[in-house]
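To keep things clear, I will list the structure first and then write my remarks on it.
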Number of protein chains: 2
Amino acid sequence: MRKKIKPEIWVMRVGHRLVRDDRVSTHIGLVARAFGATGMYIDNGDKEIKESLDKVTRRWGGGFKVEIINGWKKILHEWSDSGKIIVHLTMYGSSINQTIDTIRSHDEDIMVIVGGEKVPRPVYDISDYNLSIGNQPHSEIAALAVFLDRFYKGEELKGMFKQSKIWIVPNSKGKTVQINNEN
Amino acid sequence: MRKKIKPEIWVMRVGHRLVRDDRVSTHIGLVARAFGATGMYIDNGDKEIKESLDKVTRRWGGGFKVEIINGWKKILHEWSDSGKIIVHLTMYGSSINQTIDTIRSHDEDIMVIVGGEKVPRPVYDISDYNLSIGNQPHSEIAALAVFLDRFYKGEELKGMFKQSKIWIVPNSKGKTVQINNEN
């Protein structure tokens, strides 16, 4: 069984463009779940994205939560006011190579903001860390995965999700899928 | 300036579905470039993906190569016959946590296969390593990024790309973009 990883990380997707970004935002949710985050807020997201991610969680296990929200401000301000940490992933930010150890030194829960094409200036201001995973254009999906992998140091990939109906047994040459019909 | 990283890694995208996968395959190419790969083959890809990636390289620098191919077999067999390494990223494979050190111990160049929805069985057979970045459903973009980051241990994010027309200076609170019109 997967151990609870501390501190908890939530992901907030801002700048989602309806329909056009559905697949990217779904990938972000899948990455958040698979790499150990507790849940995800999607600002201005379709309910189909939540349904699709919830379906994965029912089938593959764990307790990943998805909430569609309208406006990121209230949640981020509450998060900040309660002393928790906000990390904004941006290609303009300071380097993860230099900053990850400082971020890992906090005990507080972390909100990771994953932006789309344009992120409003106040997001930069409210964030404790504006963090780049390399200062080159690539992918917000990749940025989130590398951040979570560096933060949890590979621990996030260990163990099974609880109450899974289906799981994979690692196999170097083929596919081994286990199905539990009792859950 | 970025140092040449050894061994060289090429990425091969198989299972690309025309139009539907354009954005995902473009993200895979951007990740390959940003995380230190030398180039990318796209099986059955649109030339628009190559044009879009080439444009990024002209602007942001470096020598990333993109080749559209028809059929992965010939290239993979030649790669394999010449003693180079093939790594296939798949959610069914052996765990990266246990396998990455072995993969890193090779001196030979590596081809990393990034699949789409369905990957033909011979791809599993010809690969030296069928490798999972966690055995959960997530994203081929994330899988490639974490593999390259673990393989190069963060070295891939250091230094500047050569002959860039534009680059970013890391900034913890805003955006600093440098433009060189002489290149």
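Convention: sequence-line order gives letters A, B, ...; per-chain numbering from 1.
A:Lys173 has no carboxylate O lying under 4.0 Å from a charged side-chain N of B:Asp125, or vice versa, which leaves the two without a salt bridge.
Looking only at side-chain heavy atoms (C-beta outward), A:Ser172 and B:Tyr129 stay at 4.5 Å or farther from each other. Using a 4.5 Å heavy-atom threshold, the side chains of B:Asp149 and A:Arg150 count as touching. The shortest distance between side-chain heavy atoms of A:Arg23 and B:Arg20 falls below 4.5 Å. Two residues are said to be in side-chain contact when any heavy atoms from C-beta on lie closer than 4.5 Å; A:Lys175 and B:Tyr124 meet this criterion.
At a heavy-atom separation below 4.5 angstrom, chain A is approached by B:His27, B:Leu30, B:Val31 within residues 25-32 of chain B. Of all residues spanning residues 90-107 of chain B, those with a heavy atom less than 4.5 Å away from chain A's heavy atoms are B:Met91, B:Tyr92, B:Gly93, B:Ser94, B:Ser95, B:Ile96, B:Asn97, arranged by number.
Residues A:Phe35 and B:Ile133 come closest through the heavy atom pair CZ-CG2, 4.0 Å. Residues A:Asn135 and B:Pro170 share a closest heavy-atom pair of OD1-CG, 3.3 Å. Across all their heavy atoms, B:Gly174 and A:Arg121 have their closest contact at CA-NH1, 3.7 Å. The minimum heavy-atom distance between A:Ile141 and B:Ser139, with the atom names listed, is CG2-OG, 3.4 Å.
Looking at A:Val56, the atoms closer than 4.5 Å to chain B (heavy atoms on both sides) all sit in the side chain, from C-beta outward. Contact of A:Val169 with chain B is made through the backbone alone, with heavy-atom distances under 4.5 Å.
Rounded to the nearest 0.5 angstrom, A:Gln136 CD and B:Glu156 CD are separated by 12.0 Å. Taken to the nearest 0.5 Å, the OG atom of B:Ser132 stands 10.0 Å off from the CG atom of A:Asn171.
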Which side-chain N or O atoms in residues 69-79 of chain B pair as donor and acceptor under 3.5 Å with protein atoms at least two apart or in another chain?
| from | atom 1 | to | atom 2 | distance (Å) |
| --- | --- | --- | --- | --- |
| B:Lys74 | NZ | B:Glu78 | OE2 | 3.2 |
| B:Trp79 | NE1 | B:Ile85 | O | 2.8 |

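Counting heavy-atom pairs closer than 4.5 Å to chain B, the top-ranked of the candidates A:Pro137, A:Ala142, A:Ala145 is A:Pro137.
A chain of hydrophobic side-chain contacts below 4.5 Å, direct or via other Ile, Leu, Val, Met, Phe, Trp or Tyr residues, connects B:Ile179 to B:Trp60.
Applying the side-chain hydrogen bond (donor to acceptor under 3.5 Å, both in side chains) test to A:Arg59 and every residue at least two apart in sequence or in another chain returns nothing.
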